[in-house]
Amino acid sequence: MLKYVLNRVKSSLVILLVVSMITFFVLMIIPGNPAQLILGTDATAEAIEDLRIAMGLDRPYYQQYLGWLLDLLKFDLGTSYIYGEAVTSLIIRAIPVTFSIAVFAMLIATITALFFGILSAVKKDSIIDYFSRSIMQLGTAIPSFWIGMVFIVYFGLRLKWFPISGFVPISSSFAGFLKSIALPAIVLAIGETGTLLRIVRSSMLDSLKQDYMDAARIKGLNKWKIYMKYALRGALIAPVTIIGMQFAKLAGGTVVVETIFALPGIGRLVLTAVERRDIVLLQGLVMFITTTVIFITLMVDLLIMTINPRIKSVERGE
Amino acid sequence: MNETVVLKNLHIKDGKNTLVSNTSLTIEKGDIYGLVGESGSGKTLTAKAIINLLPEGLKFTADEINVAGKNILKASQNEVTMYIGKNAGYIPQNTVFFLHPMIKIKNQIADGYVHHMKRSKAEGLKISLQLLDMVGFENPESILNFYPWQLSGGMRQRVNIAMALMNNPAFIIADEPTTALDSTVQKQVMELFKKINGDTGISILLISHDLSLIKHYCLKIGVMYAGQIVESGYSKDIFENPKHPYTQLLIKMMPTMNIKKNEPIPEIKGFVPEKGRDSQGCLFKERCPFAMDVCGISVKEHNDSGHYYRCNLY
Ligand SMILES: Nc1ncnc2c1ncn2[C@@H]1O[C@H](COP(=O)(O)OP(=O)(O)OP(=O)(O)O)[C@@H](O)[C@H]1O
Ligand SMILES: [Mg+2]
């Protein structure tokens with residue numbers, strides 16, 4: 001187990017190194033002089049050149065990269081041109097926003113998908129199954145920006161149940177925090193529930209056909225005990241994998257929803273960095289998102305190892 | 001009450017398609033009853049109908065299904081589930097996924113016992129240790145801590161046997177219990193059944209392709225063809241004096257080979273028919289060397305003091 005984790009961490013570091021090179025050099029090639037961007041169009045050529053040298057941008061690319069990489073190891077992602085602030089602190093400030101809505105969205109999506117997915121598999125072709133299948137269709141078909149708008153207009157402006165923009169930190173008011181993330185989380189959840197529900201349903205249907213269900217039935221156990229202990233257990237791997245992927249996607253920032261609800265999260269930071277050509281910020285964000293995704297994937301793989309112990313021994317080469 | 005199982009006139013359908021028809025069998029207390037037939041002849045479905053385990057989507061009718069003294073056709077679904085769970089055991093054809101692959105043996109073997117006997121899991125595990133010992137494990141405690149896939153096929157099958165015996169049932173079905181095993185293990189498992197049968201007087205329905213195995217272990221047998229029992233009775237009577245041409249052919253080729261799964265029998269041309277099993281005529285007609293015109297229309301049933309066969313030759 002430990003050996004497996006260490007191996008995975010090793011390969012993750014290699015991936016990160018490769019990603020860091022790609023981001024660094026790709027962003028370097030993009031036209032535009034950062035010094036010019038900072039000083040504006042009025043600045044003299046000399047002033048721009050001085051700043052360029054001060055920023056170390058006159059050095060060869062590989063030297064710049066090594067310098068950046070060394071800083072990265074010290075968790076120093078440089079200073080954003082546009083905010084004039086350390087990229088690390090900008091990201092740290094955005095994390096709670098993005099993670100809160102990602103976690104809540106996935107909680108809502110998971111609970112809904114498990115509930116309807118299990119029921120619709122167990123009661124295949126019943127009313128509840130048709131209902132679940134409509135959820136699948138709708139969830140995947142409706143664009144999240146549209147749902148977001150509708151929610152803002154209806155629940156935010158008309159009913160005034162929820163604030164329509166901004167983020168209230170959990171430390172200042174828990175109720176306020178919940179209210180501020182409720183709408184965006186629901187909007188995101190709607191986008192993910194359909195896919196997840198489909199996976200839960202089909203895995204359950206498959207699991208219900210397995211021989212171990214015969215074994216459970218011949219024991220004469222209670223129906224729901226059979227479903228929850230035997231069928232669900234056999235059906236968890238695919239949904240957990242998907243939940244992990246969905247969570248990783250949301251945790252990397254959700255540009256559309258964060259923009260609609262004016263939430264200062266990772267997605268908005270990415271958008272600003274791209275719009276205003278803040279290369280240092282963008283590099284830092286790409287590294288952060290990559291690390292997050294790799295970390296979540298690793299966690300999911302470990303979780304799946306505990307669900308399906310067989311993978312454990314196969315990976316170990318037993 | 002001397003019969004553990006009475007099955008009368010079973011029909012199983014998949015929508016409009018008949019899979020099993022006119023099938024009856026009786027298993028006396030303490031007997032090992034052998035059900036033999038080619039792949040697809042309906043052995044597993046017949047067995048599953050007896051223990052209320054038919055796959056979803058299949059419909060059955062029967063005049064009577066009596067297990068250990070209770071006509072389960074007259075009971076509610078919940079009652080049947082409880083009753084069968086308590087009084088019958090099932091040992092599967094395929095051992096790979098019968099035990100749940102993601103759950104340790106100790107967390108699944110005693111479920112039924114705990115449920116039916118209203119005892120604690122610890123007590124259940126105590127019983128399972130005794131049974132695992134009985135089915136020949138030298139170190140039962142360690143088996144409990146394994147996942148099923150960590151065991152060999154023969155070991156898994158012995159765990160299945162122990163699990164089927166947990167509630168001390170009156171009746172177990174062993175559905176080709178040894179097909180997946182190599183020949184030495186096959187012999188061990190079969191001897192184990194014989195021993196359990198001798199020690200506890202449990203009735204066993206033994207399903208197999210292998211006529212020589214059935215001949216060796218069973219007092220009574222039924223020969224299945226295309227979803228019907230075409231001949232049944234005491235093993236001795238059938239082997240000495242087979243009536244149905246199908247049985248005769250099976251016995252003739254017996255010393256040379258067993259019936260292999262999904263392979264046509266070379267000396268009997270053609271395949272087991274999948275369609276038209278609801279015909280009133282003889283289903284073996286197409287492959288029968290003695291087929292007559294009448295065989296397509298109807299078939300005579302005979303019963304010579306317990307030796308049953310359906311054929312127009314007599
Ligand atoms: N769930 C099902 N739905 C539809 N048809 C089925 C189903 N299960 C079995 N059958 C069909 O019923 C027939 C009898 O199947 P059964 O499994 O009882 O055969 P068997 O005698 O046990 O064969 P084998 O020796 O291969 O185990 C076969 O033609 C099979 O295709
Ligand atoms: Mg079978």
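Here is the naming used below: chain letters follow the sequence lines, and residue numbers restart at 1 for every chain. All figures in this text were calculated on a predicted structure; none of them were measured in a lab.
Heavy-atom neighbours of chain B within the stretch residues 221-230 of chain A, taken at a separation under 4.5 angstrom, comprise A:L221, A:N222, A:K225, A:K229, A:Y230. Scanning residues 70-85 of chain B against chain A with a 4.5 Å heavy-atom cutoff picks out B:T81, B:M82, B:I84, B:G85, ordered by number.
No part of B:N160 comes within reach of chain A, as not one of its non-hydrogen atoms sits under 4.5 angstrom from that chain. Using a 4.5 Å cut-off between heavy atoms, B:K104 does not touch chain A at all. For a residue to count as touching a neighbouring chain, one of its non-hydrogen atoms must lie under 4.5 Å from one of that chain's; by this rule B:H100 touches chain A with backbone and side chain alike. Using a 4.5 Å cut-off between heavy atoms, B:M163 contacts chain A through its side chain alone, with no backbone atom that close. With a 4.5 Å cut-off on non-hydrogen atoms, B:I103 touches chain A through its side chain but not through its backbone.
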inquiry  = Applying side-chain contact (heavy atoms from CB on, under 4.5 Å) to B:E56 and A:L208, what does each step give before you reach the verdict?
reply    = CA-CA 10 Å; B:E56 218 177 306; A:L208 286 169; over 6 Å; no
request  = List the steps, then state whether side-chain contact (heavy atoms from CB on, under 4.5 Å) holds for B:M102 with A:L236.
outcome  = CA-CA 11 Å; B:M102 298 170 196; A:L236 273 181; over 6 Å; no
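Counting heavy atoms of neighbouring residues, nucleotides and ligands inside a 6.0 Å radius, atom CD1 of A:I127 does not exceed 12 of them. The neighbour count for B:K59 NZ, taken as heavy atoms of other residues, nucleotides or ligands under 6.0 Å away, does not exceed 12. Taking a 6.0 Å sphere around CE of A:M245, one finds it holds 12 or fewer heavy atoms contributed by other residues, nucleotides or ligands.
For A:K219 (side chain) and B:Q108 (main-chain N/O), a donor-acceptor pair under 3.5 Å exists by modelled atom type.
Nearest heavy atom pair, residue B:P101 against residue A:Y212, reads CD-CD2, 3.6 Å.
A side-chain contact (heavy atoms from CB on, under 4.5 Å) with A:I218 holds for exactly one of B:N52, B:I91, B:I51, B:I173; it is B:I51.
Your options are B:Y113, B:Y90, B:F97, and the one with the most heavy-atom pairs under 4.5 Å with chain A is B:F97.
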